[in-house]
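Report on one structure; see the data block that follows.
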Number of protein chains: 2
Amino acid sequence: MKSTKGCSYCNHTSCVSKVPIFSSLDERDARDIAALIEHKNYKKGDILINEGDKVNSITIINTGSVKAYKYTPDGREQILYVLTEGDFFGERSLLSSENADFYIEALDDVGVCVITKERFHSLLYTHPDIAINIIDELGKRIATMENAFQSISVRNLDARIAALLLDYANRYGIMTKDGVKINLPISREGMANQLGIARETMSRKLSQLEKKGIILSENNKTLIIYNMDMLDEMAGIK
Amino acid sequence: MKSTKGCSYCNHTSCVSKVPIFSSLDERDARDIAALIEHKNYKKGDILINEGDKVNSITIINTGSVKAYKYTPDGREQILYVLTEGDFFGERSLLSSENADFYIEALDDVGVCVITKERFHSLLYTHPDIAINIIDELGKRIATMENAFQSISVRNLDARIAALLLDYANRYGIMTKDGVKINLPISREGMANQLGIARETMSRKLSQLEKKGIILSENNKTLIIYNMDMLDEMAGIK
DNA sequence: AAATGTGATCTAGATCACATTT
DNA sequence: AAATGTGATCTAGATCACATTT
């Protein structure tokens, strides 16, 4: 992991322009904020945050993706979020200074922008817009969780899997002539961990979907969804 | 349901003083904000928000409690939150003007404070503190959901039930000489709906806990927890 | 070698059908 | 009358034990 600060070759406004919470800023403000930002890079598998770490900054993903996870009491990994470009974490450090109760791990090589808690705090006072954008983002995140929450308590596993694939399609999907192509950021086991089910069950359910002609799995790294409507229906979105 | 505005008999600063998001205000600011607030009362069973309603205001619970819920695709009621004194909803209306995708129903007689989106919005510009408090509150709510989320995906149902009872104890519990006494805001069926399990399973699990001497159910309306430590252990909090 | 798939079992909780309480 | 409890069954998904792929 290396940290760059004030380097000439990297585009310092990149995070600022990419991140929804800064969307309302004009160019001049964007430059001001860029000056407060520190860039860091991590390799796949690096741990950005360990359980128990003191979190003193907000981190925004610039490139790559990370997973946020905890362990269940019985020792299984429970993935809370997969965060990608433009997503952020550490916002809970803004007011409280509790220690992290989760892990953040790089799923690929990752570039991030970091703003310390103090700098960010003062930023909010000078730019109330940003605070409102954050409230909005957090509101969206809550909405997403509510849906996931509702879906996870749906007893019908097929619906939950359909919802997960639709979420992936939304976030990582690329339209192709065959259908929506998804470059999976995580393994089958990771997917199972997101739903809190057994790896074997995940495999079985995906092969069923493949047999039904709804999806095509290539190499376990790529997934093509032939029939989004069918997934919508399975997920209970009518 | 009746709406009071500028009435002389009710304490207009009540919401302001009760609500964590206004905690950083001095008395003068509190009075200013109180002037922006409208009070409303609802009877048990009243629907405060219907799915599809346009939500144009933030509502803060002053007295009583409400449940926020949705329906699962297979028609079961899924309770997302039980909100009580000091909790708020409608914050998602701040920026986006999407329609509600949930219901809010009064669990008892309920008094609330309402601030319109526009008024609240301008408030955030004049009092950035409040925005930061909201960010903090939303952060907490996310943390709570993450825990619930994690717990719901724990395959061990006993742990989830223990966690639910501990949550109730925290929120509605009163210390007595026998143990923590909880006046349940919802029925067995409601509790089951919060965990997404069958009513029968809830009954069975609670009788088991009673047989083990961990809890005592009185009348199905009150629950006494004799042994909090045992619940902690069951919930996987060591 | 690690990730994934798959058959054979096992089991927790759903469902059904009532009995019992409030 | 509605909410709750409880026994008898059923079933989806976990677990185990390997085989197969990458």
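It should be emphasised that the depicted structure is a prediction, and the values quoted were computed from it without experimental measurement. By convention in this document, chain letters (A, B, ...) are assigned in the order of the sequence lines, proteins followed by strands, and residues within each chain are numbered from 1.
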| note | Sorted by chain and number, sequence neighbours left out, side-chain hydrogen bond (donor to acceptor under 3.5 Å, both in side chains) with S203(A) holds for none
| field | Any N219(B) side-chain nitrogen or oxygen under 4.0 Å from OP1 or OP2 of dA3(D) | value | no
| message | E200(A): which residues meet the side-chain hydrogen bond (donor to acceptor under 3.5 Å, both in side chains) condition with it, sequence neighbours left out? | response | none
| task | Could you state the atom-to-atom distance from CD1 of I197(A) to P of dT4(C) in whole Å? | result | 13 Å
| task | Taking only heavy atoms on the protein side, list every residue of residues 202-216 of chain B lying under 4.0 Å from any atom of DNA chain C, sorted numerically. | result | R204(B), K205(B)
| said: Given dT6(C), dG13(C), dT6(D), identify the nucleotide with an atom nearest to the side chain of E200(B). | reply: dT6(D)
| query | Taking only residues two or more places apart in sequence or in another chain, which ones pass ring-ring contact (aromatic ring centres under 6.0 Å, His included) with Y69(B)? | reply | Y71(B), Y103(B)
| request: Measure from the side chain of T201(B), starting at C-beta and using heavy atoms only, and say which of dG13(C), dA14(D), dA3(C) lies closest. | output: dG13(C)
| query | Is there a donor and acceptor pair closer than 3.5 Å between the side chain of R188(A) and the base of dG5(C)? | reply | no
| query | Can we say K70(A) and E51(A) salt-bridge, meaning some charged N sits less than 4.0 Å from an Asp/Glu carboxylate O? | reply | no
| message | Would R92(B) and F102(B) count as a cation-pi pair here, with the cationic atom under 6.0 angstrom from the ring centre and within 45° of the axis? | response | no
| Net bend of the helix from dA1(C)-dT22(D) to dT22(C)-dA1(D), end axes of five pairs each, nearest 10 degrees | 50°
| task | Please tell me if the side chains of I225(B) and I182(B) come closer than 4.5 Å, counting only heavy atoms from C-beta onward. | result | yes
| K181(A): partners by side-chain hydrogen bond (donor to acceptor under 3.5 Å, both in side chains), with sequence neighbours left out | none
| remark: Ranking dA3(C), dG5(D), dT22(D) by distance to the side chain of S187(A), first place goes to dA3(C)
| said: Of the listed nucleotides (dG13(C), dG13(D), dT4(C)), which one gets closest to any side-chain atom of E189(A)? | reply: dT4(C)
| Considering only heavy atoms from C-beta outward, does the side chain of V112(B) approach that of V66(B) to under 4.5 Å? | no
